[in-house]
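Computed from heavy atoms alone, side chains included, the values below leave out hydrogens, waters and symmetry copies. Residue numbers begin at 1 in each chain, while the letters A, B, ... track the order of the sequences.
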2 protein chains.
Amino acid sequence: MKKTELSIHCQSCSFSHLCLPVSLNQDELDSLDNIIERKTPLHKHDILVNKGDKFRSLFAVRSGSFKSAIHTEDGQEQIVSFHLPGDLIGFDGLYSKRYGSTTTALETGMVCELPYENLEEMSALYPNVKQQIMIHMSGEIQQDQEMIMLLNKRTAEQKLLHFLSFLAQRFGERGFSKKEFNLSMTRNEIGNYLGLTVETISRLLTRFQKENLIKVDGKLITIIESNKIVAKANNLEESLI
Amino acid sequence: MKKTELSIHCQSCSFSHLCLPVSLNQDELDSLDNIIERKTPLHKHDILVNKGDKFRSLFAVRSGSFKSAIHTEDGQEQIVSFHLPGDLIGFDGLYSKRYGSTTTALETGMVCELPYENLEEMSALYPNVKQQIMIHMSGEIQQDQEMIMLLNKRTAEQKLLHFLSFLAQRFGERGFSKKEFNLSMTRNEIGNYLGLTVETISRLLTRFQKENLIKVDGKLITIIESNKIVAKANNLEESLI
DNA sequence: CGAGAAATTGAATCAATTCAATTTCGGTGG
DNA sequence: CCACCGAAATTGAATTGATTCAATTTCTCG
């Protein structure tokens, strides 16, 4: 696959500090950049990878956002993560050779594709790259375990506040505003992710607005009392933050 | 550290089909066996590894059972897994160099210790070993995600039935009876793991007994209607199992 | 602009928790 | 070996946070 002159390089990508390139040296980075293919844009509802499909490539989100979900025996969807630019997708299936979940675009977005074969070749030369993927995997384990804690130990209010401040933080890390952002997922998807119903999400958002913690304007969320949100989400006094 | 004549070898261990040795060849197995240290027994409440401690070793459960837990900001415990013989402990922190959770013995038990340095040396020679650990990691991710689904999409009844049949299956894989086994964890710990209260666990167990799904005698559980349990746990008709 | 999807809001319901009171278990020391 | 103590488990009654059901309203995009 030929690269166009327009293609963006890892070296100049504004998300490289969150993505695979973290801690790679110049040689490694050049090598990585060479094997990466930039895919044409995906649109809302487009499926990037399907759970169970043979693992072919790793993907890095370049723009837009995605959701990954698994399905219950009786066919319900369970969203297990939302992906923002810089996030890596597909590595959960790297070693079982099949994708572990289905990833769908929430809005128009672009990804970088990292074909598995090339990755293997490269790994032989630069073991650092594989190491980097491992770090992402253990990060994913920790994140999933914290999710389990959130689901088991927190109220609906705390779950949603945590979700909002987590999102805000992630937007911040990516150079976007952490005070004001658009939700690319529906209320339904937020509820699915947090184990709550749409109605509960809706009621809580209007309540948070009344309590002046946030401002809600459809999909646009403005964080007003960031500290209070974190404190409430964690059952702590605000002064302890 | 010198090995005694009494020490058991991976080659003859009855759990090798579940543990690191899976799919290792004879040379790899011998090499692995050489670097493994067998630790003295741990007793109930003994801590094997502490979350946040520097990663020094990987552990394989040889006998007994363990729990791994993380803690909320405000100090509550959240159990994230129970470990049986053959299970690997500590790999969640392998690449972040710190243990990701605290692991405690639920009863008297033994573990095999795999010092990190030796593991690294060995990996250079036999990349298969590292590969095997990666497979365990991606398995852990999938298991955690299924846990998220269980917590979000299932009722208390379904959660506990799933827990029981999952335990039964795991005992079976280890050569123990999958029809009759002892719970090494308290009702409280089961509730903690499943996001339910002790009272709910207790009530459900007596109800399951009345419905003739299981027999409960203190910590001793006897599975009576295995198919019905799986069906109920998954919201399905028994005939579809 | 219009139709279907998404979101909001209210009222009624319920699954699981909380609170409270015993009972049973398991380990320890006399 | 048994008595005793604290921990674990059971059971009941009352409470409640979140869901379900239902009815609109508001978006979104073809």
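Each of A:L204 and B:G218 has a nearest nucleotide on DNA chain D; the 5'-most of these lies closest to B:G218. Each of B:K44 and B:I201 was matched to the nucleotide of DNA chain C holding its nearest heavy atom; the match closer to the 5' end belongs to B:I201.
For the side chain to side chain contact (heavy atoms under 4.5 Å, CB included) criterion with A:I201, the lone passing option out of A:T186, A:I190, A:T206 is A:I190.
Residue B:T155 has no polar side-chain atom (N or O) positioned under 4.0 Å from OP1 or OP2 of C:dA15. OP1 or OP2 of D:dA9 sits under 4.0 Å from a side-chain N or O of B:K219. Contact check, B:T206 against D:dT11: a side-chain N or O comes under 4.0 Å of OP1 or OP2. In this model, the phosphate group of D:dA9 is not approached by any side-chain N or O of B:S202 to a distance below 4.0 Å at OP1 or OP2. Using a 4.0 Å cut-off, some side-chain N or O of B:T197 falls inside it from OP1 or OP2 of C:dT17.
The listed nucleotides are C:dT17, C:dA16, C:dT8; the one nearest the side chain of A:V198 is C:dT8.
Whole-Å rounding puts the A:D217 CG to C:dA6 P distance at 19 Å. If you take CD of A:E157 and P of D:dT16, they are 16 Å apart, rounded to a whole angstrom. One atom, CD of B:E199, and another, P of C:dA15, lie 18 Å apart when rounded to the nearest Å. One atom, CD of A:Q209, and another, P of C:dA7, lie 15 Å apart when rounded to the nearest Å. The CG atom of B:L205 sits 16 Å away from the P atom of D:dA8 (whole-angstrom rounding). The distance from atom CZ of B:R207 to atom P of C:dA16 is 9 Å, rounded to the nearest whole Å. Summarising the geometry, the separation between NE2 on A:H45 and P on D:dT28 is reported as 13 Å, rounded to the nearest angstrom. What separates CG of B:L196 from C1' of D:dG17 is a distance of 15 Å, to the nearest Å.
A:V61 has its side chain within reach of A:I89: a pair of non-hydrogen atoms, C-beta onward, lies under 4.5 Å apart.
A:Q209 and A:K215 share no side-chain donor-acceptor pair at under 3.5 Å. Defined by atom type and a distance below 3.5 Å, a donor-acceptor pair is present between the side-chain atoms of A:Q169 and A:E173.
Taking only distance into account, the side chain of A:R203 never meets the base of D:dG17 through a donor-acceptor pair shorter than 3.5 Å. In the interface, the side chain of B:R187 is not paired with the base of D:dT11 through any donor and acceptor atom under 3.5 Å apart.
Within the nucleic acid shown, B:T186 comes within 4.0 Å of sugar-phosphate atoms alone, with no base atom in reach, counting heavy atoms only. Across all strands shown, A:G195 has heavy atoms under 4.0 Å from sugar-phosphate atoms exclusively, and none from any base.
Under 4.0 Å is where a charged nitrogen must lie from a carboxylate oxygen, and between A:D87 and A:R62 no such pair does.
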